[in-house]
Amino acid sequence: KAGVTQTPRYLIKTRGQQVTLSCSPISGHRSVSWYQQTPGQGLQFLFEYFSETQRNKGNFPGRFSGRQFSNSRSEMNVSTLELGDSALYLCASSLAGQGWGYTFGSGTRLTVV
Amino acid sequence: SQELEQSPQSLIVQEGKNLTINCTSSKTLYGLYWYKQKYGEGLIFLMMLQKGGEEKSHEKITAKLDEKKQQSSLHITASQPSHAGIYLCGAAPTQGGSEKLVFGKGTKLTVNP
């Protein structure tokens, strides 16, 4: 079966712009989580969606937002980009969240210049 | 908040050698995940441990969970260059529910032929 698909793989944006990243989970998976990975902070949780509802949110500013559609696909949006937003953004899908195992996508590498 | 400390931070071994990576939690473990990551790519799920004393193996990789010590270890037998990468442990902060995963900073493994 197809894995978790993230698009695009690479993005270069300018400070102040906004960006939208997409994540298509494994078929049948209803939970989608987003993580930011940087060399300094490692993997940090952004938010988790289950059945179109945000169930949990990490400690990120309001510029980071997300949503989930009825087909479980998810998008995350970052507005007013800052240089420090440059990172690998990973999404993970699961049948029902914690305890069921998470499958990660290959990530979107965002570079802010 | 829960923190996971991985040791060592990096490891260089000769092909054929055995090695162990440790992951110690600052709080009670309710599930421990091991992932492998190639640089700049997504995380590959290795194993999930949920019960104290649980031990799982896949090919030449064995992981154990010591609930009392709040620790998990990942052991690779007869390492190969294909084992090279960054190994990450992730933990569920609470039992059940939909809590985020907390990750360690990773252990970078280099296997020299």
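Letters go in sequence order (proteins before strands), and every chain restarts at 1.
Within the cation-pi definition used here (under 6.0 Å to the ring centroid, within 45° of the axis), A:R55 qualifies as a partner of A:F50.
Only the backbone of A:Q41 comes within less than 4.5 Å of a heavy atom in chain B; its side chain stays farther off. Only the side chain of B:L88 comes within contact range of chain A, judged by heavy atoms closer than 4.5 Å.
By the side chain to side chain donor-acceptor pair (under 3.5 Å) test, A:E52 pairs with no residue at all, sequence neighbours left out.
The backbone N or O of B:Q50 sits less than 3.5 Å from a side-chain atom of B:E54, completing a donor-acceptor pair.
Most heavy-atom pairs under 4.5 Å with chain B, from the set A:Q37, A:Q6, A:R109: that is A:Q37.
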From CA spacing to verdict: side chain to side chain donor-acceptor pair (under 3.5 Å), A:H29, A:S94: CA-CA 5 Å; A:H29 283 194; A:S94 167; 5.7 Å; no
